[in-house]
Q: 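Got a structure for you, written out below as structure tokens; questions coming shortly.
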Amino acid sequence: MIDLKVLRENPELVRNSQRVRGEDPSIVDQLLVADETRRQAIVDFEALRAEQNILSKSVGSAKGDEKSALLENAKDLAGRVKAADAIRAEAESAAHQFLLKISNLIDSAAPVGGEADFVVLEHVGTPRDFSQSGFEPKDHVELGKILKAIDTERGAKVSGARSYYLTGVGALLEFALVNYAISSATRAGFTPVIPPVLVKPAAMEGTGFLGQAAENVYHLEEDDYYLVGTSEVPLAAYHMDEIVDSLPLRYAGYSSCFRREAGTYGKDTRGIIRVHQFDKVEMFVFCKLEDAAAEHQRLLQWEKDFLNAMEIPYRVIDVASGDLGSSAIRKFDCEAWIPTQGTYREVTSTSNCTEFQSRRLNIRYRDENGTKPVATLNGTLVAIPRMIVAILENHQNADGSVNVPLALRPFLGVDTLVPA
RNA sequence: GGUGGCGUGUCCGAGCGGCCUAAGGAGCACGCCUCGAAAGCGUGUGUGGAAGAAAUUCCACCGUGGGUUCAAAUCCCACCGCCACCGCCA
């Protein structure tokens with residue numbers, strides 16, 4: 001959630017942020033009214049409550065007639081306090097509901113517009129010219145079959161559309177990618193974490209996934225648990241309700257991720273680009289607000305380092321305002337070149353969420369002037385299926401074998417994946 | 001799954017209807033003492049919110065949520081968590 005003080009002092013800033021995101025700016029004004037009502041209700045309640053505290057004390061020491069007279073008064077006052085308290089609770093909850101609906105204040109540097117209005121920041125590497133190699137590239141589904149690495153048919157049989165098995169070198173490729181990711185993250189100072197993927201509503205709500213993203217979240221009705229779509233959720237909630245004492249805190253979480261992919265019918269139905277379940281190593285950082293922008297650049301650099309190590313051509317885009325999650329003020333995506341699609345596709349993504357999540361999750365640190373919310377940032381180090389797609393398609397040979405990137409070889413144990 | 005016990009401030013821990021404005025201790029910070037330190041002594045030490053230009057004043061918070069009462073850390077109910085034992089499973 002955003003800072004109410006900012007909203008009171010500069011509502012137009014917030015309205016504008018809502019507008020460029022394509023969200024409703026009128027919530028700002030509804031919240032301003034609700035906030036005014038809330039504060040008046042608090043003043044009313046507290047005045048009565050203070051009166052009651054004084055009166056109650058005098059009852060204790062009073063005797064006889066005096067006492068029964070006081071009691072009568074106190075009884076009446078108790079009723080009024082209770083009523084005022086109910087009004088206060090109602091007003092606070094109403095104002096809070098509006099507050100939760102407002103997305104984080106967009107970074108003025110982020111490009112304005114919808115999904116297509118991103119800005120390309122840079123290209124790294126050059127897409128391979130397969131005509132020069134003298135063969136048509138196969139897509140990852142075909143390569144996966146030849147290598148006996150990916151089995152989408154049995155995935156569909158057992159778990160429905162958008163499911164898959166990684167087998168043989170496919171499974172080994174996952175372990176190698178994860179081990180490479182975790183070891184480089186550890187070297188960079190991250191604490192490796194294997195978090196729970198089944199979380200309570202507070203964690204989901206706190207990270208901002210029950211707003212616009214709610215339709216993509218699996219919910220276990222019977223127990224009121226959620227399956228996380230990213231380990232960002234349990235990593236952010238790790239320090240929920242805490243005052244942390246050393247910043248920055250950097251975690252690298254490895255977990256399964258679950259996504260309903262609602263509203264994507266017919267999109268990427270072939271292969272493992274868009275699936276309901278996959279594993280991912282996610283970087284997550286808690287830092288001071290003034291360090292967040294620099295940290296965001298560091299996260300982007302670690303993502304680029306990973307793609308460089310995988311020897312995959314990619315571009316970096318600055319995602320447009322209308323395409324950001326509600327928690328993020330700015331987002332950079334790394335898009336890998338996918339030869340058989342002739343285009344760049346998102347493989348990793350990093351967001352600066354400033355204080356938005358930590359206000360909801362109540363995560364603070366202490367400085368000279370008291371406690372302040374921390375800033376949170378997240379970034380993908382590696383999302384397994386898409387990285388496998390990029391590696392297979394970019395490093396394939398005419399016979400269906402695939403060259404393993406140098407950096408991955410020590411972790412995989414072979415230089416080339418050969419058809420089984 | 002059953003039974004019993006317990007959840008209090010940064011930590012330990014007392015309190016079991018009004019004097020709780022939460023004892024006592026530890027820790028931490030500052031000061032005194034000291035050549036310097038330790039010990040000792042003194043002072044201070046939570047979070048959130050409201051009003052105010054500010055000093056400050058007030059309100060809430062004793063696992064969470066309800067309830068009883070003029071008044072709840074304290075009594076009642078539900079839930080959550082921790083511990084112990086029993087049962088079941090590995």
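Source: prediction; values computed, not measured. A, B, ... follow the sequence lines: proteins, then strands. Residue 1 opens every chain.
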Q: Between P on B:rC58 and CD1 on A:I54, what's the gap in Å once rounded to a whole number?
A: 9 Å
Q: Flag the pair A:E12 and A:R15 as a salt bridge only when some basic side-chain nitrogen lies within less than 4.0 angstrom of an acidic carboxylate oxygen.
A: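 Result for this pair is yes, salt bridge flagged.
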Q: Determine the contact category for A:D76: base if any of its heavy atoms lies under 4.0 Å from a base atom, sugar-phosphate if only primed atoms, P, OP1 or OP2 are that close, otherwise nothing.
A: nothing
Q: What I want to find out is whether A:E242 reaches A:R364 closely enough, with some N-O distance under 4.0 Å, to be called a salt bridge.
A: no
Q: Name all residues meeting the side-chain hydrogen bond (donor to acceptor under 3.5 Å, both in side chains) criterion together with A:S256; count only those two or more places apart in sequence or in a different chain, and write none if there are none.
A: A:D279
Q: When the distance from CD of A:E51 to C1' of B:rA60 is rounded to whole Å, what number comes out?
A: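 These atoms are roughly 18 Å apart.
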Q: If you measure from the Lys or Arg side-chain nitrogens to the Asp or Glu carboxylate oxygens, is any gap between A:R49 and A:D85 under 4.0 Å?
A: no
Q: Taking the P atom in each of B:rG48 and B:rU34, what is the distance between them to the nearest angstrom?
A: 41 Å
Q: Are OP1 or OP2 of B:rC70 and a side-chain N or O of A:Q52 less than 4.0 angstrom apart?
A: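 The answer is no; no side-chain N or O of A:Q52 sits under 4.0 Å from OP1 or OP2.
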Q: Apply ring pair (Phe, Tyr, Trp, His ring centres under 6.0 Å) to A:H96 and list each qualifying residue two or more places apart in sequence or on a separate chain.
A: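 Scan of A:H96 (ring pair (Phe, Tyr, Trp, His ring centres under 6.0 Å), adjacent residues dropped) gives none.
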Q: Could I get a table of every N or O pair under 3.5 Å where one atom is in the protein and the other is in nucleotides 45-55 of chain B?
A:
from	atom 1	to	atom 2	distance (Å)
B:rU47	OP1	A:R366	NH1	3.2
B:rU47	O3'	A:R364	NH1	2.7
B:rG48	OP1	A:R364	NH1	3.0
B:rG48	OP1	A:T371	OG1	2.5
B:rG49	N2	A:E46	OE1	3.2
B:rG49	N2	A:E46	OE2	3.2
B:rA50	OP1	A:R38	NH2	3.1
B:rA51	OP1	A:R39	NH1	3.4

Q: Distance between the P atoms of B:rU74 and B:rU69, in whole angstroms?
A: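 So the two P atoms sit 16 Å from each other.
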Q: Under 3.5 Å for both pairing distances: what stems, at least three Watson-Crick or G-U pairs long, include RNA chain B?
A: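 Stems for RNA chain B, defined as runs of 3 or more consecutive pairs: B:1-7 with B:80-86, B:10-12 with B:24-26, B:27-32 with B:40-45, B:46-51 with B:56-61, B:63-67 with B:75-79.
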Q: Can you tell me if A:R8 has over 12 outside heavy atoms packed within less than 6.0 Å of its CZ?
A: yes
Q: What's the CG-C1' distance between A:D85 and B:rC59, to the nearest Å?
A: 11 Å
Q: Using the P atom as the point on both nucleotides, what is the distance between B:rC82 and B:rA14, in whole Å?
A: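 After rounding to an integer number of Å, I get 22 Å for this pair.
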Q: When the distance from CG of A:D241 to P of B:rU10 is rounded to whole Å, what number comes out?
A: 13 Å
Q: Roughly how far apart, to the nearest Å, are B:rU43 and B:rC59 at atom C1'?
A: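 Result for the C1' pair: 28 Å, nearest Å.
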Q: Please state the C1' separation for the pair B:rG46 and B:rU10 - nearest whole angstrom.
A: 8 Å
Q: Please check if any side-chain donor atom of A:Q341 sits under 3.5 Å from a side-chain acceptor atom of A:E393, or the reverse.
A: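 Not at all, the side chains of A:Q341 and A:E393 share no donor-acceptor pair under 3.5 Å.
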Q: How far, in whole Å, is B:rA22 from B:rC85 if one measures between their C1' atoms?
A: 34 Å
Q: What's the gap between B:rC20 and B:rA72 when it is taken at their C1' atoms, as a whole Å value?
A: 11 Å
Q: Would you say the side chains of A:E303 and A:T348 form a donor-acceptor pair under 3.5 Å?
A: yes
Q: Which side chain to side chain donor-acceptor pair (under 3.5 Å) pairs, counting each pair once, include a residue from residues 406-420 of chain A, with sequence neighbours left out?
A: none
Q: Using the C1' atom as the reference point in each nucleotide, state the distance between B:rA78 and B:rC28 in Å, no decimals.
A: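 Pairwise C1' distance, B:rA78 against B:rC28, rounds to 40 Å.
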Q: Among pairs that include at least one residue of residues 176-206 of chain A, which meet ring-ring contact (aromatic ring centres under 6.0 Å, His included), considering only residues two or more places apart or in two chains?
A: A:Y180-A:F306, A:Y180-A:F411, A:F190-A:W302
Q: Between A:N53 and B:rA60, does any side-chain N or O lie under 4.0 Å from OP1 or OP2?
A: yes
Q: Could you tell me whether A:K82 contacts a base, only the sugar-phosphate backbone, or nothing, with contacts defined as non-hydrogen atoms closer than 4.0 Å?
A: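 Sugar-phosphate contact only - A:K82 comes under 4.0 Å of backbone atoms but never of a base.
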